[in-house]
Undergrad: 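Take this structure, written in C-alpha cells, and hold onto it; I'll ask about it next.
Only heavy atoms go into these numbers, but all of them, side chains included; no hydrogens, no water, no symmetry mates.
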Amino acid sequence: MSIRTRKLRNGKTAYDVELRRPDGSKYSKTFHTKRDAQLWEAKERSDRSRDRWVDPAAGRIELREYAEEWLLNRHLAPRTREIYKSQLSHILPEFGDSPLNKITRRAVRSWFARVSQEVSALQAAKCYRLLMAILNTAADDDLIGKNRCKLKGAAGEHSAERPMISLEQALAIADAIEPRYRALALLGAGCGLRLGELLGLTRADIDLLHRQVSVTKQRQELSTGIEVRAPKTAAGRRTVAIPKILVAELEAHLHAFVGQSPDAPCFTGPRGGVRRASVYKAWHTALEEAGVRSDLKPHDLRHLSNTLAARVPGTTTKDLMARMGHASSQAALRYLHTTDDADRGMADGIDAAIKSAREAETTSPRSSSLASNAG
C-alpha cells in the first residue's frame, strides 16, 4: 500500500499517499480521511492505465507565463497578435497569477459576468474564446486534466447585422468623396477588396490592359507603425477581374494621383502618405454630402460587391470565395479552384449593374463622369 498514516499535533490522523511518476520521481498528497486517500490513489492509477494521467505539479505554471509562451509559439499576423494582447488585458488581472490547475469553472463564470459589464458583448465573447483556446492548449500539453473554461453560450458572438449599402448609395459616395479616394471607393464596390488590400495596392498591381488587379499585400496600422505584408491566407493572394466600366476611372486616377514607379502606392493623401483615419475622414464627409446614412463603413462596399457577384447567373460558391479571398479551411482550399472565365463573368455582371444604376441617374440632378469615362 502507498498510504501511510501519521498523527498530527492536534491529535488527528493524516493519510499520506505517495506515488511515483513515470520517470521514477515521487509525488504525494495528504488527506484527512482514509477513504479520500484511497479514492485519490485509485483515480491516479486508473488515469495512468488509460493514459489520462496529468502530473499534479505540471499545472502549477501561472497563466501569465503560459499565455506569453502560447503567443510566442504561434504564427500570428502582427495585427492579430496585438488584438490578442489587448484581450489579455481583460484576462490577466483576474487569472494572471493563478496556476493553470487552480482556474475553476466558478471563477471563470464570475470573471465573464464582470467583463461582460465592462466591455461590449462582442469583446467579452472574444476574450472568453482566447482564454478557452489557451486552456485547451494547456490540456493538450498535459498541464491540466480538463479545461474548466466551458460556459454555455459564452463564446457566441451576437453582433448587430451591418446595414446593407445599395449600389446607388455606393455610387453617390464615390461621386461625393475627395477625388483622390474616388477610385478606392469604386474598386471597393466593383472588386470587393478590403480596405487594407486597397491601401496596399501599387501601380504594378493594376493591369488595365487585361482588366485585373493583383492582391499580393495589405497595409496594416500597428501600434509600432505601418506594416505592409502578404495576406494571411493563400486565398487572400488573388487576381480579381475589374468591371469594364471602372477601367477609364482607374486610368484617370493613375494619371492624376499615382507616381510612375511600379511600386508607387495607388492611394495616398495630399502629402504622399495615407492613414486609415484620413480615408475615414473623407468617407464620412462624403456620406454627409451624398445624404446617405452615417453609419456606413468602407468595408460595406466589400459586402455590396460580394452580393452583386453572387447575383450573377452561374456564379458558384467556389467562384465567389476565390474572388473575395475567402478561406473556410486549409483543407477546403486545396479543392477550391476557379477559372478566369468565371471571374470575368462576375466582373461583367457587376459592370452591367453599375451601368443600369447610372442610366437611372440621368434624370436626377446629380451628375457624374463615370458613365462618360466608360465610353
Undergrad: Val119, Ile91: one ILVMFWY side-chain cluster at the under-4.5 Å cut-off?
TA: yes

Undergrad: Run the side-chain contact (heavy atoms from CB on, under 4.5 Å) test on Ile206 and Val258 for me, step by step, so that the C-alpha distance in whole Å, both residues' side-chain angles and the decisive distance to 0.1 Å come before the verdict.
TA: CA-CA 11 Å; Ile206 306 294; Val258 183; over 6 Å; no

Undergrad: So, the side chain of Thr80 versus the backbone of Leu76: is there a donor-acceptor pair under 3.5 Å, distance only?
TA: no

Undergrad: For Ser166, is there any backbone N or O sitting under 3.5 Å from a side-chain donor or acceptor partner on Gln169?
TA: yes

Undergrad: Within this structure, what is the CZ-CG distance for the pair Arg81 and Leu72, rounded to the nearest 0.5 Å?
TA: 7.0 Å

Undergrad: Using modelled atom types and a 3.5 Å cut-off, is there a donor and acceptor pairing between side-chain atoms of Arg219 and backbone atoms of Val274?
TA: yes

Undergrad: Would a 4.5 Å heavy-atom cut-off, applied to side chains only, mark Arg6 and Asp16 as touching?
TA: yes

Undergrad: Taking only Lys NZ, Arg NE, NH1 and NH2, and the carboxylate oxygens of Asp or Glu, determine whether Arg45 and Glu41 approach each other closer than 4.0 Å.
TA: yes

Undergrad: Between CG of Leu195 and CD of Gln220, what distance do you get to the nearest 0.5 Å?
TA: 11.5 Å

Undergrad: Could you tell me how the ring of Tyr27 sits relative to the ring of Trp40: parallel (under 30°), tilted (30 to 60°) or perpendicular (over 60°)?
TA: perpendicular

Undergrad: Backbone N or O of Leu143 within a donor-acceptor pair of the Asp141 side chain at under 3.5 Å?
TA: no

Undergrad: Within the distance-only criterion (no hydrogens, no angle test), does the side chain of Ser305 pair as donor or acceptor with the backbone N or O of Gly192 below 3.5 angstrom?
TA: yes

Undergrad: Is it true that, when you exclude Glu118 itself, more than 12 heavy atoms of the residues, nucleotides or ligands shown sit nearer than 6.0 Å to its CD?
TA: yes

Undergrad: Taking NZ, NE, NH1 and NH2 as the nitrogens, is one of them in Glu62 or Arg64 under 4.0 Å from a carboxylate oxygen of the other?
TA: no

Undergrad: In this structure, would Leu122 and Phe112 fall into the same cluster of hydrophobic residues linked by side-chain contacts under 4.5 Å?
TA: no

Undergrad: Is the number of heavy atoms from other residues, nucleotides or ligands under 6.0 Å of Tyr84 OH greater than 12?
TA: no

Undergrad: Charged N to carboxylate O below 4.0 Å: is that the case for Arg211 and Asp351?
TA: no

Undergrad: Can you measure from OG1 (Thr5) to OH (Tyr15) and round to the nearest 0.5 angstrom?
TA: 6.5 Å

Undergrad: Quick check against the 3.5 Å criterion: does Arg229 have a side-chain atom that pairs as donor or acceptor with the backbone of Ala77?
TA: no

Undergrad: For atom NE2 of His32, decide whether the heavy atoms of other residues, nucleotides or ligands shown that lie under 6.0 angstrom number more than 12.
TA: no

Undergrad: How about Arg74 and Thr137: does a side-chain donor come under 3.5 Å of a side-chain acceptor?
TA: yes

Undergrad: How far does CG of Leu131 sit from SG of Cys149, to the nearest 0.5 angstrom?
TA: 4.0 Å

Undergrad: Do Glu18 and Arg4 meet the salt-bridge criterion of a basic N to acidic O distance under 4.0 Å?
TA: no

Undergrad: Regarding Asp300 and Arg293, does a basic nitrogen lie under 4.0 Å from an acidic carboxylate oxygen?
TA: no

Undergrad: Kindly work out whether a path of hydrophobic side-chain contacts (I/L/V/M/F/W/Y, heavy atoms less than 4.5 Å apart) joins Leu198 to Tyr280.
TA: yes

Undergrad: Determine whether more than 12 heavy atoms belonging to other residues, nucleotides or ligands lie under 6.0 Å from atom CZ of Arg114.
TA: yes

Undergrad: Within the supplied structure, the quantity of interest is the number of heavy atoms (other residues, nucleotides, ligands) at a distance under 6.0 Å from Glu221 CD; does it exceed 12?
TA: yes

Undergrad: Treating Trp283 as the side-chain partner and Leu296 as the backbone partner, does any N or O pair qualify as donor plus acceptor under 3.5 Å?
TA: yes

Undergrad: Using only atom types and a distance under 3.5 Å, with no angle test, would you say the side chain of His253 pairs donor to acceptor with the backbone of Cys266?
TA: yes

Undergrad: Before accepting this row, confirm whether a basic side-chain N of the pair Lys85/Glu82 lies closer than 4.0 Å to the acidic partner's carboxylate O.
TA: no

Undergrad: Is the backbone N or O of Thr216 less than 3.5 Å from a side-chain atom of Arg237, with the two atoms forming a donor-acceptor pair by type?
TA: no

Undergrad: Students often mix this up, so state it plainly: with edges at 30° and 60°, are the rings of Tyr128 and Trp111 parallel, tilted or perpendicular?
TA: parallel

Undergrad: Consider side chain to side chain contact (heavy atoms under 4.5 Å, CB included). Of Asp207, Leu201, Leu250, which one does Val213 pass it with?
TA: Leu201

Undergrad: Do the side-chain N and O atoms of Thr33 and Asp36 include a donor-acceptor pair separated by under 3.5 angstrom?
TA: yes

Undergrad: Is there a donor-acceptor pair closer than 3.5 Å between any side-chain N or O of Arg323 and the backbone N or O of Met346?
TA: no

Undergrad: So how far is it from Ser116 OG to His90 NE2, rounded to the nearest 0.5 Å?
TA: 11.0 Å

Undergrad: If two hydrophobic side chains count as joined below 4.5 Å and joins carry through other members, does Leu193 share a cluster with Leu208?
TA: yes

Undergrad: Nearest 0.5 Å please: distance from the CD1 atom of Ile354 over to the CG atom of Leu308.
TA: 7.5 Å

Undergrad: Should Met324 and Val312 be regarded as members of a common hydrophobic cluster, given that ILVMFWY residues are connected when their side-chain heavy atoms come within less than 4.5 Å of each other, either directly or indirectly?
TA: no

Undergrad: May I ask you to test the Leu100-Tyr66 pair for a side-chain heavy-atom distance under 4.5 Å?
TA: yes

Undergrad: Run the salt-bridge test on Lys217 and Asp205 with the 4.0 Å N-O cut-off and return the result as yes or no.
TA: yes

